[in-house]
Amino acid sequence: MKAGLSVLKSLDKWISLGWLNLMDRAFVRFLLDQDAEASDPVLWAGALVSHQLGRGEVYLDLEKLCQQPGLTLAIPGDDDNLSESDEALAEFSELNAYGLEQWQAALNNSGLVGSGQGNTPLVLEGNRLYLRRYWQYQQILDKAIQQRLQPVRADLPEALQAQLQSLFASKSPENPDWQKIACLLALRARFAIITGGPGTGKTTTLTKLLALLLKLANDESNNTRKLVILLAAPTGKAAARVSESISKALEKLAVPDDLKQYIPKKASTLHRLLGSRHDSRHYVHHRNNPLVADIVIVDEASMIDLEMMASLLDALPESAQLILLGDKDQLASVEAGSVMGDLCHGAENEAYNEQTRDWIRPYIDEALNEPATVGSEINQQTVMLRYSHRFGEHSGIGQLAKAVNQGDAEQAQAILKDTARYQDLSRILLTHPADNHLKQLVLANAGVGDNGKPNARQGYGYYLDVIQRKRPTESTHYNHWAKQVLDAFDTFQVLCALRRGAWGVEGLNQRMEQWLFPKQKPALWYEGRPVMITRNDYNLGLMNGDVGITLKDSTGKLRVAFPSEDSRDDVKIIWISPMRLPDVESAYAITVHKSQGSEFNHLALILPETRSPVLTRELIYTAITRAKENFTLLESHADVLGQAILATCK
């Protein structure tokens with residue numbers, strides 16, 4: 001058989017089984033167009049590196065492929081009917097027989113593979129095989145961070161030390177004070193990472209750090225120039241959250257107003273910051289047209305994929321400082337590359353070298369312990385905040401998140417059972433996807449308390465009640481009404497691990513729509529329908545993941561109300577005709593991935609009835625930490641949660 005045709009034939013079989021997809025085959029076809037004599041191992045390697053990219057992995061690890069092929073590739077899947085795939089399984093076993101030396105030899109002898117420079121479609125670096133574009137992204141990231149890791153000052157000026165002690169005058173519940181240490185390390189170099197779970201004070205630390213940086217710049221420049229500080233987040237919702245958090249933190253910040261006024265209170269999306277180009281993966285700002293900035297801060301950095309991070313770093317002026325905030329234990333980006341997780345590897349070990357400890361020691365009360373092993377250069381500029389100011393010892397959400405994050409399935413199960421102690425947790429066993437318990441949960445309307453705030457354990461009945469009860473009589477009040485509806489919708493959210501199937505987003509959205517609108521004739525648009533944008537629309541200023549609610553405007557026409565950064569009204573709402581929104585889906589149920597950057601008063605997580613490769617510790621942890629006040633777990637088999645907690649994508 002002609003070279004390459006046997007591989008293409010095998011790929012067709014694998015695609016029919018769902019093991020690979022058409023993009024993987026198209027890439028192999030491209031490799032054959034470049035080299036018609038390419039060997040089978042090289043073509044298979046091309047298919048597998050493309051497959052890994054679709055799974056969010058930037059490269060194919062050849063060593064892991066040889067040691068644990070099924071785990072590395074997630075092939076075959078847990079739900080495959082293996083009796084129908086004997087031939088493909090035989091090919092998979094044959095592929096597994098390749099040793100590391102065989103893979104290396106085949107790739108090194110191919111004109112399609114390079115070691116770095118050049119324009120080969122594949123790049124082999126040690127045991128890692130990359131698509132060239134992603135290898136280039138990795139080089140941009142590594143170089144930009146490396147040049148910012150070097151210390152820029154030997155010590156802190158006395159005036160700044162006084163400001164530091166003033167900002168951290170209150171005794172910290174942590175010993176040592178990790179928030180203070182985070183500020184110290186960020187003052188030392190032009191790169192810093194502040195990581196930690198929900199409520200650990202990342203935003204509070206950031207506002208104090210910015211006050212210190214402004215004070216430092218003010219003293220060093222003799223008040224001749226103010227710092228240009230840019231604040232961004234991956235999504236519109238995450239940007240709105242960090243804007244709100246910083247505004248609240250500034251109210252409590254004990255610094256002069258002339259410093260406060262220069263601390264940014266509004267975040268933009270990364271796409272808007274860089275200047276997205278329509279129908280292009282390129283941006284207005286890049287190395288030849290960099291951002292005008294002294295400091296760039298990015299919140300929810302765990303959501304950033306490698307391509308976006310490389311684009312951001314490529315657009316930074318060489319003198320600019322970069323500060324990343326986020327929870328390293330959350331799910332990585334939907335796109336390829338777990339950048340935050342990789343950068344924060346080992347952050348929990350406090351593995352600071354002697355130079356770092358010497359820098360910190362004069363400014364803190366408690367000396368840092370000497371680590372068992374010294375961490376990486378990036379570890380020296382990374383601080384992990386541990387103490388949660390939101391979730392105390394009596395918080396079931398906090399304790400459950402901690403147990404899941406530690407991979408302690410037994411403890412997690414015990415916490416969920418102790419509902420007498422942890423009243424912010426509940427667990428419901430469902431017999432089928434249309435179980436009446438789920439229906440009651442979705443339709444619940446707990447109303448508001450004496451303080452005017454929504455009561456706990458709301459369902460979607462609450463936001464529907466707000467639509468009818470708060471409907472204005474004057475057209476000038478419609479933005480305020482829309483804001484109330486959007487806020488009411490955010491009090492409850494159903495999350496799913498899967499998209500398809502009876503327990504997935506698609507099936508549950510249809511079912512909940514029927515429960516909430518039983519008299520509604522089948523139609524695409526109706527008042528009350530929540531929708532999520534599924535593709536960036538730069539013309540409308542709407543990004544993938546933005547959520548709006550369909551409402552009747554002052555003229556009685558259906559419009560979709562979205563929170564907006566650009567609205568000129570005091571209440572930031574824009575109204576979009578449904579006809580201008582082709583790329584949307586109903587948002588009664590959304591995936592855990594899509595929930596990142598959001599928080600909800602009451603969060604309900606629905607697990608499928610069988611184990612799935614996407615069910616990991618990181619997914620469960622991310623879902624739990626989206627809940628502010630109440631978390632409900634819905635499952636049809638009690639052992640699925642434990643299996644998920646023991647599985648990790650790291």
Side-chain angles (χ1 to χ4, degrees), residues 148-172 174 176-196 200-232 242 245-265 267 293-299 301 319-326 352 356-366 368 380-385 387 389:
R148 287 175 167 80
L149 288 174
Q150 301 308 311
V152 294
R153 52 183 58 89
D155 53 29
L156 296 181
E158 288 187 11
L160 193 68
Q161 292 182 42
Q163 179 79 57
L164 176 73
Q165 300 307 329
S166 173
L167 287 171
F168 290 94
S170 300
K171 185 171 177 58
S172 170
E174 291 187 289
D177 187 340
W178 289 108
Q179 292 190 18
K180 190 176 186 180
I181 292 171
C183 289
L184 287 167
L185 292 182
L187 289 166
R188 182 173 73 150
R190 290 181 293 116
F191 177 79
I193 299 175
I194 303 173
T195 185
T200 51
K202 296 186 291 293
T203 306
T204 300
T205 305
L206 175 64
T207 54
K208 292 179 180 180
L209 170 59
L210 290 177
L212 290 165
L213 287 166
L214 285 164
K215 167 73 173 169
L216 184 64
N218 191 46
D219 292 347
E220 290 180 345
S221 64
N222 296 317
N223 205 29
T224 57
R225 188 177 74 86
K226 296 299 180 184
L227 293 178
V228 178
I229 304 172
L230 302 180
L231 181 61
V242 69
S245 298
I246 282 188
S247 295
K248 289 180 179 178
L250 280 175
E251 294 174 3
K252 303 175 183 177
L253 192 64
V255 298
D257 289 340
D258 62 341
L259 278 182
K260 278 188 182 182
Q261 65 177 318
Y262 292 104
I263 294 178
K265 303 171 186 65
D294 296 300
I295 302 172
V296 175
I297 302 141
V298 184
D299 195 24
S319 59
Q321 180 170 4
L322 178 64
I323 301 168
L324 302 178
L325 294 89
Y352 298 116
T356 302
R357 298 197 306 277
D358 286 346
W359 165 262
I360 296 169
R361 187 178 295 115
Y363 312 112
I364 62 173
D365 298 327
E366 180 77 15
L368 296 181
Q380 309 311 307
Q381 286 302 121
T382 302
V383 169
M384 179 175 174
L385 307 181
Y387 181 82
H389 300 267

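Just so it is clear, the structure is predicted and the values come from calculations on it, not from any experiment.
The closest side-chain heavy-atom distance from Leu213 to Asp294 is not below 4.5 Å. No side-chain heavy atom of Pro264 sits less than 4.5 Å from a side-chain heavy atom of Leu230.
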side-chain contact (heavy atoms from CB on, under 4.5 Å) evaluation trace for Gln321 with Val152: CA-CA 11 Å; Gln321 180 170 4; Val152 294; over 6 Å; no
Set out, in order, the CA-CA distance, both residues' side-chain angles and the distance that settles side-chain contact (heavy atoms from CB on, under 4.5 Å) for Leu185 and Ile181, then state yes or no. CA-CA 6 Å; Leu185 292 182; Ile181 292 171; 4.3 Å; yes
Please test Thr200 against Trp178 for side-chain contact (heavy atoms from CB on, under 4.5 Å), starting from the C-alpha separation and ending with a verdict. CA-CA 10 Å; Thr200 51; Trp178 289 108; over 6 Å; no
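Going from atom CD1 of Ile246 over to atom CG of Leu206 covers 5.0 Å, rounded to the nearest 0.5 Å. In this structure, Leu325 CG and Leu209 CG are separated by 9.0 Å, a value rounded to the nearest 0.5 Å. For the atom pair Asp299 CG and Ile323 CD1, the distance stands at 11.5 Å (nearest 0.5 Å). With values rounded to the nearest 0.5 angstrom, Leu231 atom CG is found 11.0 Å from Ile295 atom CD1. Between Leu184 atom CG and Arg361 atom CZ the span is 12.5 Å, to the nearest 0.5 Å. The CD1 atom of Ile364 sits 10.5 Å away from the CD atom of Gln165 when rounded to the nearest 0.5 Å.
A distance-only check finds a donor-acceptor pair linking the side chain of Gln161 to the backbone of Leu156 [under 3.5 Å]. The backbone N or O of Leu164 sits nowhere less than 3.5 Å from a side-chain atom of Tyr363 that would complete a donor-acceptor pair.
When all heavy atoms of Thr382 and Tyr352 are compared, the pair lying nearest together is O-OH, 2.5 Å. When all heavy atoms of Thr195 and Lys202 are compared, the pair lying nearest together is C-CD, 4.2 Å. Nearest heavy-atom pair across Ala267 and Val242 is CB-CG1, 3.3 Å.
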Kindly list each side-chain donor-acceptor pair under 3.5 angstrom involving residues 187-194, sequence neighbours excluded, with atom names and distances?
from   : atom 1 : to     : atom 2 : distance (Å)
Arg188 : NE     : Gln381 : OE1    : 3.1
Arg188 : NH2    : Thr356 : OG1    : 3.2
Arg188 : NH2    : Gln381 : OE1    : 3.0
Arg190 : NH1    : Glu318 : O      : 2.4
Arg190 : NH2    : Gln147 : O      : 3.0

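For the residue pair Gln163/Lys208, the side-chain donor-acceptor check at 3.5 Å is not satisfied.
In terms of the side-chain hydrogen bond (donor to acceptor under 3.5 Å, both in side chains) criterion, Arg357 has no residue partners (sequence neighbours excluded).
Exactly one residue among Leu210, Thr205, Val383 makes a side-chain contact (heavy atoms from CB on, under 4.5 Å) with Cys183. That residue is Thr205.
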